[in-house]
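Note that the numbering runs from 1 along the sequence shown for the chain.
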Amino acid sequence: MAPNDGAPEDRQRQAATTGRARQAGRIHARRSAGDVLAGLGALLVLLALVGGVPYALLTFVGPPVAPELLDLDLLTSRVGPSTVMALLVAFVWLAWLQLFVCVVVEVYAGVRRVGMPARVPLSGGTQALANKLVSAVLLLFTAGAVVVPIARMAAPPPVPQPMTTVAYTAPVVEKEVVDTQRTKKVYVVQPPHGRHHESLWEIAEKCLGDGRRYPEIFRLNQHKEQPDGAKLRMADLIRPGWVLDMPDDAKNTHVVPASQARAQTLKEHPAKPGGDGGDREVVRDRVERESTQEQAPRNAQPPTEERDAETQPQQEQGLELVDFLSGSSLAAAGLLMVLARRRREQLWRRLFGRRLARPRGDAAEAEMALRLGADAPGARILDVGLRLLGAELAAQGRTPPTVYAAHLSARSLDLWIHPPDADPPEPWTADDGGQVWRLAAHEGRLLDDHPGGAPYPGLVSIGTDGSGRVLVDLEAAQGLINVRGPQTTAALAALAVELATNRWSDRMRITLVGFGEELTAIAPDRIRAVGGLAEVLTELEATAAPRREVLTGRVSGRPRDAHYLLSAVAPTHEEARRLALLARDDTAGYVVTGDVPHATWTWEITEDGRAKLPELGFEVTAQLLPRRHYRALVELFRTADRFDGEAIPEAEPLDDLRPPAVEIRMLGPLEIVGPEPLEEGRMALAAELLVYLATHPGGVHPVVLGGVLWPRGVQSMVRDATIARVMSWLGPEHLRADESGRLTLGPGVRTDWAVFRELVRRSHHDPAARAVLLERALSLVRGPLLSGRAHGRYAWLAGDELEYDVAAEVADAAHRLCELRLADGKADAAIAAVRAALLLAADDEGLWRDLLRATHATGDLSRLRAVVEGLTRRSAFHPHGGGMAPETEALIDELLPSWRLRVVRESTA
């Protein structure tokens with residue numbers, strides 16, 4: 001919206017007011033007596049250095065180049081004292097000239113507000129001195145001096161990884177023999193029927209026998225021009241009339257000359273191809289696939305409503321959920337932590353015989369991407385390192401410096417601060433003349449959790465460079481941050497999600513203007529959405545607080561709510577003026593779209609996904625959250641808010657319980673029992689392959705298996721070599737491929753999970769042996785499901801029912817056995833049953849209540865008190881927070897009424 005016109009005097013007052021708010025970073029909003037004295041002293045020093053030094057040199061020594069240095073005989077004659085003196089004078093003049101250039105650069109950056117000053121070559125210490133002097137002088141003449149540290153982010157050279165290539169003959173897949181040198185197979189996308197449009201998933205299902213092979217079609221056709229002139233950029237955006245190249249084993253396709261233009265193919269083959277025997281194969285494969293298709297990640301679901309590709313925003317084309325979400329490593333870590341807390345609350349209300357509601361479709365794929373990309377160690381270093389920094393500064397009576405930006409890499413956490421300070425508290429170290437405070441990664445990993453306040457809750461990722469993640473502090477601008485470009489809403493959504501879920505903040509409010517109402521489902525206690533700026537401006541003005549007061553309160557234990565406003569609605573002229581005044585004095589962050597002429601920072605998001613912040617000198621790959629992706633996150637969290645649960649499917653009968661030739665132990669640390677172990681470094685991948693095949697008995701196509709084991713992609717040569725290696729290791733009787741190429745495990749391979757389910761199933765039909773069968777089943781539990789697995793592996797569990805079924809069925813078996821043993825008067829046996837299940841399902845508070853009841857039945861008050869104390873400590877320090885379930889507290893009140901008094905005494909001690 002264009003600014004309103006006004007009188008010239010009003011415009012002058014507006015320019016003066018908002019001009020003061022347009023600095024990239026300010027030292028203080030108001031000048032103290034110390035600031036004035038420091039500024040006057042710096043001014044005198046600058047005048048002496050810039051003017052006094054050349055005056056003294058010209059008066060007492062002479063010009064920069066003395067006549068002796070112009071004599072050509074100098075090169076061959078003997079050097080005398082006068083020549084040496086002339087050289088020294090020239091060197092002094094050069095040193096002065098270097099200082100003068102540094103001062104000019106610093107003054108230009110401060111007066112013109114260009115952000116970070118340009119770096120003068122070979123002038124590290126000299127430019128640092130000029131920076132400090134100019135900063136102090138500018139403080140005398142501006143409401144806030146522009147002083148931005150010079151950022152240096154050198155990406156480490158990539159280290160090439162060795163690759164071993166193993167020859168492999170892929171499973172034979174029956175297909176039509178085609179001369180690929182002269183022909184190819186194509187599929188013509190058909191017009192919609194009613195509201196139904198074809199998708200790559202459906203085409204892969206129809207032509208390749210498995211919808212999960214859709215990435216093969218996508219890769220064959222990506223960026224190739226279609227008859228209408230458009231190109232395939234996103235897997236779920238295809239149009240009728242497009243001609244898609246198909247893999248060689250595709251059925252229900254047209255065979256055309258390899259060089260034929262797509263427009264000519266469409267003209268000759270506008271309709272569906274005739275059957276070539278593939279329809280019967282598709283029907284057969286569909287039956288075989290019913291038990292596994294629901295569990296697979298679906299990167300391209302059939303649309304449920306009409307979608308015009310021309311109206312889709314550009315940012316949604318070309319990248320999938322994994323590409324976006326797994327790249328947002330800090331946001332992913334925060335989202336997973338919040339999600340785990342929600343699921344813990346779900347477990348409080350889980351009903352016997354029902355598992356937690358699990359995500360499906362895009363929501364499941366979103367969780368898979370979060371598991372792949374989450375950087376929990378990095379988020380912890382940010383959290384603990386910043387809290388420790390604030391606490392140490394508070395103990396020394398020092399105010400935390402302004403942090404403009406941060407860079408998190410595998411090597412260190414770097415903070416760009418103002419004013420420069422060469423004396424950070426340990427284990428932080430100073431670099432670049434005190435402009436950078438650095439915490440080495442190995443030091444950060446050794447830090448204990450620190451209870452201190454969070455000094456910089458406004459640090460948030462804007463994207464990544466070649467060596468790590470770049471963050472800026474929204475509060476450091478002390479002015480409006482203007483975000484521009486075709487992907488502004490996606491950038492604002494990414495900011496909102498990370499701010500709302502990060503662990504390096506305490507109390508926070510985020511106001512979204514004109515977008516993101518659905519995001520309140522992720523963090524309803526932190527996020528609110530409004531329609532326009534007019535709804536919140538008055539409130540913001542009433543709650544503003546000075547920066548120094550807020551920073552001091554955060555590190556001293558008296559924090560105020562951090563507040564950030566993200567607006568997808570362009571402000572009016574008056575709204576921009578009020579926001580600029582707010583941002584100048586308030587400790588908050590204000591990010592707005594539209595044409596805001598007096599913004600402190602201008603953050604541009606380009607069409608190709610780059611983020612440019614010229615005031616700070618950053619150009620990075622932007623962190624974005626397009627509409628489809630944040631809708632997937634919202635659906636994921638809405639699923640986590642469901643308390644109705646889902647029925648647990650019945651187990652398939654298992655006839656033989658004798659020890660198998662190969663046993664896959666999953667109910668605890670992963671073990672493969674039977675064959676000789678593979679060489680070191682290959683066992684983890686082979687074990688995951690076997691676990692996936694064992695839990696998907698209908699068979700898995702190698703292409704699908706490749707997508708499961710390497711969700712970021714893998715060369716077919718590497719995939720096939722891995723399968724061949726595992727097949728050779730187990731033997732063809734234990735791992736084999738059927739006629740369609742699907743991989744299945746033989747009857748000699750079995751999991752402890754299958755045995756557990758069979759024992760529980762038999763207990764239902766044999767009341768006399770029920771307790772014994774349940775005890776045998778629980779004896780198989782050795783710890784959490786697949787514990788000890790490597791970080792980043794088994795991300796497919798996010799879209800699978802395995803985790804949900806295992807936790808629910810183990811807890812239900814223990815609950816049933818506990819009741820049976822209590823009915824028999826065997827309290828110790830009941831306790832043993834519950835403790836066995838708690839090894840795997842420790843967050844199921846139904847089990848803790850069973851343990852409380854069983855312990856109370858022993859009549860030993862000291863044992864009961866020990867259980868209560870252990871449960872209380874666990875709830876207080878649970879990594880996902882949330883305390884304990886109200887039902888659990890009520891049961892403790894009933895069984896041990898004095899427990900609350902003890903907790904109060906310990907908390908006040």
Side-chain angles (χ1 to χ4, degrees), residues 153 155-156 158-159 319 321-341 365-389 403 405-415 438-450 454 456-473 491 493-505 522-523 609 611 618 620-625 629-630 633 636 710-712 789-798 879-880:
M153 295 185 187
V159 180
L319 289 173
L321 285 162
V322 170
D323 297 299
F324 276 96
L325 298 180
S326 64
S328 305
S329 57
L330 296 177
L335 284 163
L336 285 180
M337 185 173 65
V338 176
L339 183 64
R341 185 179 304 134
E365 189 181 350
E367 184 176 352
M368 182 182 73
L370 296 179
R371 295 191 187 192
L372 281 172
D375 182 13
R380 183 185 180 277
I381 288 176
L382 260 172
D383 177 34
V384 178
L386 294 177
R387 291 179 189 272
L388 176 64
L389 176 65
V403 171
H407 185 259
L408 179 66
S409 69
R411 297 176 298 172
S412 64
L413 167 61
D414 292 356
L415 304 180
R438 174 167 297 147
L439 177 63
H442 68 274
E443 294 281 0
R445 286 190 290 267
L446 296 176
L447 295 177
D448 295 327
D449 289 342
H450 200 282
Y456 304 109
L459 274 174
V460 64
S461 303
I462 62 169
T464 56
D465 65 358
S467 60
R469 180 157 298 276
V470 178
L471 302 91
V472 298
D473 191 344
L495 288 182
V497 166
E498 185 172 310
L499 285 170
T501 60
N502 75 51
R503 56 179 291 176
W504 54 92
S505 63
I522 295 176
F618 292 141
V620 296
T621 300
Q623 177 168 293
L624 304 172
L625 192 63
H629 304 71
Y630 84 65
L633 288 178
L636 176 62
W710 294 276
R712 298 182 189 273
R789 59 184 182 264
H791 173 70
R793 303 225 66 91
Y794 295 87
W796 52 269
L797 287 172
H880 304 141

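- L447 places a side-chain heavy atom less than 4.5 Å from the side chain of L439.
- Not counting sequence neighbours, the partners of R380 by the side chain to side chain contact (heavy atoms under 4.5 Å, CB included) test are V384, D449, R503.
- Looking only at distances, no side-chain donor or acceptor of W504 sits under 3.5 Å from a matching main-chain atom of L386.
- Applying the side-chain hydrogen bond (donor to acceptor under 3.5 Å, both in side chains) rule to pairs touching residues 331-340 yields nothing, sequence neighbours excluded.
- Applying the salt bridge (Lys or Arg N to Asp or Glu O under 4.0 Å) rule to D375 yields no partners; only residues at least two apart in sequence or on another chain are considered.
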TODO: Decide yes or no on side-chain contact (heavy atoms from CB on, under 4.5 Å) for V620 and I462, but give the supporting numbers first.
DONE: CA-CA 8 Å; V620 296; I462 62 169; 4.1 Å; yes
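- Listed by chain and number, the residues in a side-chain hydrogen bond (donor to acceptor under 3.5 Å, both in side chains) with S412 are D414 (sequence neighbours excluded).
- The side chain to side chain contact (heavy atoms under 4.5 Å, CB included) test applied to R445 returns I381, A441, H442, not counting sequence neighbours.
- Checked against V403 for a side chain to side chain contact (heavy atoms under 4.5 Å, CB included), the options L389, V472, L459 give a single hit: L459.
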- [ ] Please test V460 against L471 for side-chain contact (heavy atoms from CB on, under 4.5 Å), starting from the C-alpha separation and ending with a verdict.
- [x] CA-CA 5 Å; V460 64; L471 302 91; 5.7 Å; no
Open item on the list: Applying side-chain contact (heavy atoms from CB on, under 4.5 Å) to R789 and L797, what does each step give before you reach the verdict?
Closed with: CA-CA 12 Å; R789 59 184 182 264; L797 287 172; 4.0 Å; yes
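- Looking at residues two or more places apart in sequence or on another chain, you find a side-chain hydrogen bond (donor to acceptor under 3.5 Å, both in side chains) between S461 and E498.
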Open item on the list: With side-chain contact (heavy atoms from CB on, under 4.5 Å) as the criterion, how do L413 and L408 come out once you've worked through the C-alpha distance, each side chain's angles and the decisive distance to 0.1 Å?
Closed with: CA-CA 5 Å; L413 167 61; L408 179 66; 4.1 Å; yes
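- Judged as a side-chain hydrogen bond (donor to acceptor under 3.5 Å, both in side chains), and not counting sequence neighbours, the contacts of R371 are E367, E803.
- A search for side chain to side chain contact (heavy atoms under 4.5 Å, CB included) contacts involving A494 returns Q623, L625, not counting sequence neighbours.
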